[in-house]
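Have a look at the structure below, then the notes.
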Amino acid sequence: MRIDVLTLFPEFIHAAAAVGVVGRAQQRGLIEVAAWNPRDFTHDNYRRVDERTFGGGPGMVMSTRPLTDCLAAIRTAVPEPARVIYLTPQGARLTQRRVRELALLPRLALVCGRYEGIDERLIAREIDEEISIGDYVLSGGELGAAVIIDAVGRLQPGALNDADSAAHDSFEDGLLDCPHYTRPEVDAQGDAVPAVLLSGDHAAIARWRRREALGRTWLRRPDLLARMTLSRADRALLDDFRRTWLA
Ligand SMILES: CN(C)c1ccccc1CNc1ccc(C(N)=O)cn1
């Protein structure tokens with residue numbers, strides 16, 4: 001997958017995409033991340049990339065000409081057409097479902113706004129999709145771009161080893177993850193690891209994990225649970241969790 005990012009801070013994008021699973025995926029050629037700075041597409045001595053907003057009031061808007069030229073360069077950099085995504089608080093909330101769909105595309109172009117964003121006519125002309133990573137305001141779209149790069153990058157076939165593929169599975173079914181434990185079996189405060197996890201009974205462990213994931217989702221994110229149709233087995237596990245919880 002090829003991801004081009006339009007940003008005033010390319011170093012931020014390169015740093016975010018260079019570490020961990022995504023960095024490894026880049027080394028393996030599973031994903032290619034390129035960052036483009038609209039400032040390189042300015043022609044004035046001050047390399048201006050922002051301008052005053054019509055209608056007055058505070059705040060500046062990103063200059064349209066450098067953005068248009070930068071996007072044209074991005075589009076022609078490789079023959080594959082790109083889905084152009086604008087990171088903005090006005091976008092559709094990003095979900096794992098949308099991440100899985102985006103991860104299947106051959107090419108993305110992520111446009112990172114700064115200042116008060118970009119001209120609405122540019123959005124109408126150049127942007128295919130507006131995405132928000134959450135209901136909060138940031139100083140730029142770069143963190144949203146980094147989120148998308150990580151979320152789709154880790155889903156590229158071959159990106160996750162067996163070791164980290166568990167993380168891949170546990171969120172795929174729309175549930176929160178179960179609790180995790182490692183050494184020591186009993187810690188300095190005397191708190192022990194749930195015995196089932198030491199039992200070697202893999203069926204019991206799988207049931208325990210599923211029940212904990214269902215219960216935790218019920219307790220913390222009932223909205224996620226409401227969207228799911230549970231199997232008979234899952235309903236039994238959740239009832240079991242609720243009985244214990246409410247006892
Ligand atoms: C300056 N702002 C507010 C702005 C306005 C319009 C576009 C981009 C920006 C850049 N900031 C962003 C971007 C995304 C998100 C998000 N929730 O995905 C939050 N903030």
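Whatever order the structure lists them in is the order used to number ligands and atoms, beginning at 1. Sequence positions, counted from 1, serve as the residue numbers for this chain.
Side chains of M62 and D119 form no contact here, defined as non-hydrogen atoms less than 4.5 Å apart.
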What are the polar N/O contacts of ligand 1 with the protein below 3.5 Å, with distances?
residue  : atom   : partner : partner atom : Å
ligand 1 : 11 (N) : L138    : O            : 2.9
ligand 1 : 17 (N) : S132    : OG           : 3.2
ligand 1 : 17 (N) : G134    : O            : 2.8
ligand 1 : 17 (N) : Y136    : O            : 3.1
ligand 1 : 18 (O) : I133    : N            : 2.8
ligand 1 : 20 (N) : L138    : N            : 2.9

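For the pair R24 (side chain) and A159 (backbone), a donor-acceptor distance under 3.5 Å is present. Using a distance-only test at 3.5 Å, with no hydrogens or angles considered, no donor-acceptor pair links the side chain of Q156 to the main chain of A25. Checking side-chain atoms of Y86 against main-chain N and O of I118 turns up a donor-acceptor pair under 3.5 Å.
Within a 6.0 Å radius of CZ in R209, other residues, nucleotides and ligands contribute 12 heavy atoms or fewer. Crowding of E185 atom CD: a count of heavy atoms from other residues, nucleotides or ligands under 6.0 Å not exceeding 12.
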